[in-house]
Amino acid sequence: MADLKTIIFTRQESTLQLLQSYIGEIEGVSFLASTDDCDKAVNALKELNNALFVVDLSEYEEEVLNMANKVSSANPKIKIIGLSLKNDTNTYIKAMRSGIEEVLQIPIVKDKFIEAIKTKDDSESKQQKGKTISIFSNKGGVGKTSMAMNLALELAKCTKENVALLDLNFQLGDVATFWNLNPTFNISYMLENSNKLSKDFMLSTFEKYDNTSLYILANPPFYKSADRVSVENIEKLVSAMQKVFSYIIIDTSTGFGNKIMKVLEMSDLIFFMTTVSLPALRNCQKCLEMLEETGIGKDKAEIIINRYMETDDVKIEDVETLLRKKIYWKIPNNYFIMMEAINKGVPISYINSSSNVAKSYRNLALFVENNIYRKNL
Ligand SMILES: Nc1ncnc2c1ncn2[C@@H]1O[C@H](COP(=O)(O)OP(=O)(O)OP(=O)(O)O)[C@@H](O)[C@H]1O
Ligand SMILES: [Mg+2]
C-alpha cells in the first residue's frame, strides 16, 4: 500500500492520541497533522492528492460537516471518516451528504477503524469494474422495464453479489411503480450529490430490495425535466456504480438521446429487446446499423426476443437471417403472469417461480453470469 497520509480533526486530546497510536500500527498509513481549525484543515488537504481525513463530529457538528463537504467537493479522492458520539440515522445521512464515507462510533473500536482504512485500500487496488448491461429498444412497450427488473433480481439471487438496477427513464420511470417502491432517495438526489458517490453512500441510499443484494436507484415519482441532468453527471454516476456493484442493469428510455448514448457506450452488453413482428424487426435492424455507425459497436448488442410464442409466423431462424445475428435469448409470452405481477407490485418469480417467464428470467441470469466473464468483456 502506498503511504496514505492522515490528517485528524478533533478537539479532544484523548481521541487524537488514540488515533495516532492506531495509525502507528497500520502499514502504509502515516500520521501527518492534527488540527481543530476548519480553515487550516481545508487548506492542508488542498495540498494533498490522496489522503485520509478523520473528523470528530462530537462537537460543532454543523461546522465540521460543512468543512467535510468543502474537502470532499474539492477532492473526492480524499477519504473522510467521521467519529460520532451519537448513533442515529440522521447524523449518518447528514455525514454521507457531506462526503463522509463512514461514521465510526466513539469510543472508537480499533478493529473497526483499521477496517475502515483498509476498505479504501481495497477499493483502490481491486477495482474490477462491475459488468454493465443496458436494456434498450427503439420501440416503446417491448418489455424493457420487465426485463431490467426481473433480470437484476435474478442476478442478485443467483450470484449473491451486489447488483444495481438503475432507472434511466428520466421523465416517466416505471421501476418504482412496478414493485410498489417508495424510495427515500432517487436519481435526482444522487446526481445532485455526484461528488460523494462512495460505496457506503450508495449502499445506504439506494433502495435495497426485500433482503436481497439488489439495490435500486429509481426515478423521482413526479415529472422532472431531463434537461437538468447532464451527460457528465450520468457518466459520473455510472462509473461510480461500476466501482461498487458487480452488475449494473440499466433500464433505458426509447430513442438515441445523448444520455442514453453515453450509457450504451459505457455498457459491456446492450440487450436489445424486440418482438418478432416485422416492423419491430426492421426497426431493430436499423438500430443495429446505427450502433455500428455511431462507434458504439453492434457486437456488444445482443438480441432478446420478448413475448416469444412457438406459434409465431416469423420463425427464429428467419429473424437470425434477417438480422444476421444469433438470437441471445427468448422470453416467452405470458400475459396473465406479467399482469398479475404488475397489479400486485411484485417480481414475476413471486407470482409463480415455476412459470415459463420466471424460469426464463432466472436462466437468463445464470447464462449471463456464466458467459459475461468468459467473454472477457
Ligand atoms: N414476456 C411477456 N409476456 C407478456 N407480457 C409482457 C411480457 N413482457 C412484458 N410484458 C408486458 O408488456 C407491457 C410493457 O412492458 P414494459 O413496461 O416492461 O415495456 P417497456 O419496453 O419498458 O415499455 P416503455 O417503452 O413504456 O418503457 C407490460 O404490460 C408488461 O407486463
Ligand atoms: Mg419501461
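Each ligand, and each atom within it, is numbered from 1 in the order the structure gives.
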Requested in this report: Any atoms of ligand 1 less than 4.0 Å from a non-hydrogen atom of I331? List them with their elements.
Outcome: 1 (N)

Query raised in the report: At a 4.0 Å threshold, what atoms of ligand 1 neighbour a non-hydrogen atom of Y335?
Result: 4 (C)

Distance from [atom] to nearest protein heavy atom, with residue and atom:
atom	result
atom 24 (P) of ligand 1	G141 N, 3.5 Å
atom 19 (O) of ligand 1	G143 N, 2.9 Å
atom 3 (N) of ligand 1	N334 N, 3.0 Å

Report task. Have a look around the Mg ion (ligand 2) and list protein N/O/S atoms under 2.8 Å, or say none. Result -> T145 OG1

**Report entry** Criterion ring pair (Phe, Tyr, Trp, His ring centres under 6.0 Å) against Y215, the qualifying member of F245, Y209, F206
**Finding:** F245

Report summary line: Tested for side chain to side chain contact (heavy atoms under 4.5 Å, CB included) against I249, the lone hit among L214, I133, L269 is I133

Query raised in the report: Considering the options K131, K160, E161, E369, which one meets the side chain to side chain contact (heavy atoms under 4.5 Å, CB included) requirement together with S246?
Result: E161

Could [X] and [Y] be called an ion pair, given the rule that one side-chain N must be under 4.0 Å from one carboxylate O?
X	Y	result
R11	E59	no
E232	K236	no
K94	E61	yes

Query raised in the report: In the single-linkage hydrophobic clustering (I, L, V, M, F, W, Y; side-chain heavy atoms under 4.5 Å), do V109 and I106 co-cluster?
Result: no

Distance-only donor-acceptor hits, side chain of residues 275-292, under 3.5 Å, sequence neighbours excluded:
{"residue": "S277", "atom": "OG", "partner": "A280", "partner atom": "N", "Å": "3.3"}
{"residue": "Q285", "atom": "NE2", "partner": "L322", "partner atom": "O", "Å": "3.3"}
{"residue": "E292", "atom": "OE1", "partner": "K298", "partner atom": "N", "Å": "2.8"}

If you measure every N/O of [X] against every N/O of ligand 1, is any gap under 3.5 Å?
X	answer
P332	yes
V142	yes
K144	yes
G140	no
D174	no
Y361	no
N306	yes
S146	yes
I342	no

Query raised in the report: Taking the inter-plane angle between the rings of F272 and F136 on a 0 to 90° scale, is it parallel (under 30°), tilted (30 to 60°) or perpendicular (over 60°)?
Result: perpendicular

Query raised in the report: Quick one: does atom 7 (C) of ligand 1 have a protein heavy atom under 4.0 Å from it?
Result: yes

Going from [atom1] on [X] to [atom2] on [Y], what distance comes out if it is rounded to the nearest 0.5 angstrom?
X	Y	atom1	atom2	answer
I8	T35	CD1	OG1	11.5 Å
I81	E102	CD1	CD	6.0 Å
K262	S134	NZ	OG	12.5 Å
N150	L165	CG	CG	10.0 Å
Y328	F367	OH	CZ	5.0 Å

Requested in this report: Record the part of F136 in heavy-atom contact with ligand 1 below 4.0 Å; permitted values are side chain, backbone, both and neither.
Outcome: neither

Requested in this report: Please work out whether any backbone atom (N, CA, C, O) or any side-chain heavy atom from C-beta onward of N333 is under 4.0 Å from ligand 1, and answer side chain, backbone, both or neither.
Outcome: both

Report task. Using the side chain to side chain contact (heavy atoms under 4.5 Å, CB included) rule, take I108 and L19 through it: C-alpha gap first, then chi angles, then the decisive distance, then the call. Result -> CA-CA 9 Å; I108 309 150; L19 290 178; 3.9 Å; yes

Query raised in the report: Measuring from the heavy atoms of F178, does anything fall under 4.0 Å of ligand 1?
Result: yes

Query raised in the report: Is there a heavy atom of S137 sitting under 4.0 angstrom from any atom of ligand 1?
Result: no

Query - D313, CG: over 12 other non-hydrogen atoms inside 6.0 angstrom - result: no

Query raised in the report: Considering R307, M338, M309, which one's heavy-atom position lies nearest to atom 12 (O) of ligand 1?
Result: R307

